[in-house]
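For reference, the structure discussed in these notes is given below.
Chain letters run A, B, ... following the sequence lines, proteins first and then strands; every chain starts at 1.
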There are 2 protein chains.
Amino acid sequence: MAQSDTVDRILDAAEELFADRGFSETSLRMITSKAKVNLAAVNYHFGSKNALIHAVFARFLTPFSATLEKAFDELEDRCEGQPPTLNQTLWALTESAVRMPQRNEKGISIFMRLLGLAYTQSQGHLRKFLEQEYGDPFSRFMRLLKEATPQLSAVDRYWRIQFMLGATAFTMSSSDALRDILQNKLGVETTVQEIAARLVPFLAAGMQAEDTMLIPPSGSKVSVA
Amino acid sequence: MAQSDTVDRILDAAEELFADRGFSETSLRMITSKAKVNLAAVNYHFGSKNALIHAVFARFLTPFSATLEKAFDELEDRCEGQPPTLNQTLWALTESAVRMPQRNEKGISIFMRLLGLAYTQSQGHLRKFLEQEYGDPFSRFMRLLKEATPQLSAVDRYWRIQFMLGATAFTMSSSDALRDILQNKLGVETTVQEIAARLVPFLAAGMQAEDTMLIPPSGSKVSVA
DNA sequence: GTCTGTTTGAAACATACGTTTGAAGTCAAC
DNA sequence: GTTGACTTCAAACGTATGTTTCAAACAGAC
């Protein structure tokens, strides 16, 4: 059995189990028994459980961030100095995610859920790792968002970006469960691509909402600068 | 030391620790040492760790769901048979949350984060508990949302509600941290009420977005029913 | 075939967890 | 002052975890 075989089988099993159950709730023994390798193999090949978590993310994120940078490059080239629109920027992101070569049919949704978990489960080491390794494309995405919404005040834009991240991370982090519910209730199959196709218009509309108080709550002191 | 003292101190410590670190990542020993009570007190007063988690949710959700039902009653009375608008429904919810009597200044944001975790961390027992105990007001909220957005297909509405929940739970769950960042970066103070005032228009705009593909991704097969 | 560095294997290690136990303490009622 | 129900306490229990150990198996080079 070649080394890469054991390593890849550990990564495959870990990826799926982490996505299903979260990081703390997945033990090395679950991973190694699913991967049909010896327990010690994880610490031999990766060094620690945390390092394994990093490796799972790196296997997807490294090619993805390269693809994303290229997509941003193309987008900015196409716009010839004009800042790309909000929709163009959001689509560049989702397209890059959707077009990544998949190991299997569940590839994207598994990884979307992992990203959501990374954001919600406050694993300090993981956040630090992601920031260090993939902070650059993220900053670039933020800059594009800023240029695409010049009408927003810095404060409004700040909060609305948080709302966007929240809707995305949250939906993706539970998308398998949500899909199951949807299928049982409404008998509809849904792919990640379709979720993204619904999410982007929602986000774009929210980002560009008029920020007037449509119905000020009676009696409460809500003030908007 | 009266019983209620120990019980409340356990609940206070558990609430805060769960919100900070998640359920599995918080041990009974952390809780009891923060609460300055004996380790066995948790199992004595609550029976198990899972029952403690339920109690933490019940302490907030039981009065909240009563307040919410009253707010919905008033709203429907005021509308005299007409279905309340989306903005009215959202405001009824956020006002009920904001007006809940707080144990401390972090009250709402802590509980928002707990709700987010309940949704994200797949704790089967917790989801079952919440469904059983508080399914009614939730269903009512869903019904109001449905009546307020008759133009949406069931599938569109389903997903957009998930996006709303995500933006809300995510933002509120980390609003303390976000507020700090905002104050440091932009020198602006922000209250939970003001965040809500920004969030509701964002959500309303997203819910009512035209679901046309504004910029169909070139070449990819995204279909929207 | 033998040697050498790498990988696997079964077992043990130390630690942390949720839970249980039984004695000690508390406090009001009688 | 004694009783009896309720609460706290220190200690232990059994189990599960991440990690380490070291011998066995393997593979390619000579």
Side-chain angles (χ1 to χ4, degrees), chain A residues 1-59 114 117-118 121-126 128-129, chain B residues 1-59 114 117-118 121-126 128-129:
Chain A
M1 189 183 294
Q3 164 185 343
S4 63
D5 198 16
T6 298
V7 168
D8 282 345
R9 281 174 38 196
I10 292 174
L11 285 173
D12 288 341
E15 184 176 278
E16 199 161 335
L17 285 170
F18 286 152
D20 275 1
R21 323 172 28 92
F23 304 112
S24 320
E25 293 83 356
T26 302
S27 71
L28 292 184
R29 284 168 177 81
M30 292 179 200
I31 294 169
T32 53
S33 85
K34 181 182 176 92
K36 285 174 185 154
V37 302
N38 187 269
L39 169 62
V42 170
N43 281 279
Y44 175 76
H45 287 289
F46 297 95
S48 69
K49 183 181 178 179
N50 281 354
L52 170 61
I53 296 177
H54 297 173
V56 167
F57 277 86
R59 182 168 64 152
L114 285 181
L117 287 181
Q121 309 210 174
S122 57
Q123 301 254 346
H125 68 94
L126 182 53
K128 206 169 294 177
F129 169 78
Chain B
M1 188 184 293
Q3 163 184 346
S4 64
D5 199 17
T6 297
V7 168
D8 282 344
R9 280 170 44 192
I10 292 174
L11 286 173
D12 287 341
E15 184 177 278
E16 199 160 336
L17 285 170
F18 285 152
D20 275 0
R21 325 172 26 93
F23 303 111
S24 321
E25 292 83 356
T26 302
S27 71
L28 293 185
R29 284 166 176 83
M30 291 179 201
I31 294 169
T32 53
S33 86
K34 181 183 177 92
K36 286 174 184 154
V37 302
N38 188 273
L39 168 62
V42 169
N43 281 278
Y44 175 75
H45 287 289
F46 297 94
S48 70
K49 183 181 178 180
N50 281 353
L52 169 62
I53 297 177
H54 297 173
V56 167
F57 277 86
R59 182 167 66 151
L114 285 181
L117 287 181
Q121 310 211 169
S122 56
Q123 300 255 346
H125 68 94
L126 182 53
K128 208 171 294 177
F129 169 78

Rounded to the nearest Å, what distance is computed from the [atom1] atom of residue [X] to the [atom2] atom of nucleotide [N]?
X	N	atom1	atom2	value
I10(B)	dT19(C)	CD1	P	13 Å
I31(B)	dA16(C)	CD1	P	17 Å
R21(B)	dC17(C)	CZ	C1'	13 Å
H125(A)	dG18(D)	NE2	C1'	13 Å
L28(A)	dA16(D)	CG	C1'	12 Å
D5(B)	dC27(C)	CG	P	13 Å
R9(B)	dT7(D)	CZ	P	15 Å

Would you say a side-chain N or O of [X] is under 4.0 Å from OP1 or OP2 of [N]?
X	N	result
T6(A)	dT7(C)	no
S27(A)	dT17(D)	yes
H45(A)	dT6(C)	no

- Item | From dT17(D), dT8(C), dT20(D), nucleotide with atom closest to M30(A) side chain | dT17(D)

- Proximal nucleotide (of dC17(C), dT19(C), dT20(D)) relative to the N43(B) side chain: dT19(C)

- Item | Shortest non-hydrogen contact from K36(B) toward R9(B) | O-NH2, 3.0 Å

- Quick one: closest heavy-atom pair of T32(B) and L39(B), and the distance? CG2-CA, 3.7 Å

- Test side chain to side chain contact (heavy atoms under 4.5 Å, CB included) on L126(A) and F57(A) and set out the steps. CA-CA 9 Å; L126(A) 182 53; F57(A) 277 86; 3.7 Å; yes

- Query: Base, sugar-phosphate alone, or nothing: which one does T26(B) contact when heavy atoms must sit under 4.0 Å apart?
  - Reply: sugar-phosphate

- Parallel, tilted or perpendicular: which fits the ring planes of F129(B) and H54(B), with parallel below 30° and perpendicular above 60°? parallel

- Query: Is D12(B) close to R59(B) at the side-chain level, that is, under 4.5 Å between some pair of heavy atoms?
  - Reply: yes

- Query: Is there a side-chain contact between L11(B) and L52(B), using heavy atoms and a 4.5 Å cut-off?
  - Reply: yes

- Starting at CD1 of I10(A), measure out to NE2 of H45(A) and round the result to the nearest 0.5 Å. 5.5 Å

- Under 3.5 Å: donor-acceptor pair, side chain of K49(B), backbone of F23(B): yes

- Within residues 49-57 of chain A, residues whose heavy atoms come under 4.0 Å of DNA chain D: K49(A)

For nucleotides 9-15 of chain C, tabulate all protein N/O to nucleotide N/O atom pairs closer than 3.5 Å, reporting atom names and distance.
{"residue": "dA10(C)", "atom": "N7", "partner": "N38(A)", "partner atom": "ND2", "Å": "3.4"}

- After noting the C-alpha distance and the side-chain angles of L28(B) and N43(B), does the key distance pass the side chain to side chain contact (heavy atoms under 4.5 Å, CB included) rule? CA-CA 9 Å; L28(B) 293 185; N43(B) 281 278; 3.9 Å; yes

